[in-house]
Amino acid sequence: MQASIYKWTEDLSVHIQSIDQQHQRLFELLDNFHKDITNKSSKLIMLGVIKALKDYTIKHFSEEEKLMKLHKYPDFENHKKEHQLFIDKVHEYEERYNSGKLLLTIEVINFIKNWIINHIKETDQKYSSLLIKNGVK
Ligand code: FEO
């Protein structure tokens, strides 16, 4: 078994267990994606891993948005916009790869990984205190 390259680390915690667990799952999916790139897996497998990452990201974003809305988080709209831009970008990668216009390389996955890390550190952290104050676990 190959060692994991991408791992969730404690400095990414938003101190809400349910959300930290979802972020951990995102890192597992990113790591699978990375392994399939380095192993030069087949197109069918690559399309499967990118779809799994996209689908889980959509699910996670929608759960986060539900919580932000429920707790009247003031910057909800901007946060949601960031989510949408990212989903659009991953979708575009998926389409371009599928039509042979893009190679899935370490640079592509690094872009995705860096976006997720920056988003968690900068944007997700901002809702943390409000949700914790309102008892979200
Ligand atoms: Fe955890 Fe805003 O994504």
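Just so you know, ligand 1 is whichever comes first in the structure, and atom 1 is the first atom listed for that ligand.
Here the CG atom belonging to L29 is positioned 11.0 Å from the CZ atom belonging to F27, to the nearest 0.5 angstrom. How far CD1 of I120 is from CH2 of W115: 9.0 Å, rounded to the nearest 0.5 Å. Rounded to the nearest 0.5 Å, atoms NE2 (H79) and NZ (K69) are 14.5 Å apart.
Remark: K59 does not engage D55 in a salt bridge, criterion side-chain N to carboxylate O under 4.0 Å. Under the 4.0 Å criterion applied to side-chain N and carboxylate O atoms, R25 and E28 are assigned as salt-bridge partners.
For atom 1 (Fe) of ligand 1, the set of protein N/O/S atoms nearer than 2.8 Å consists of H23 NE2, H60 NE2, E64 OE2, D124 OD2, ordered by chain and number.
Atom NZ of K43 has more than 12 heavy atoms from other residues, nucleotides or ligands within 6.0 Å.
Note on H79: its N/O/S atom closest to atom 2 (Fe) of ligand 1 is NE2.
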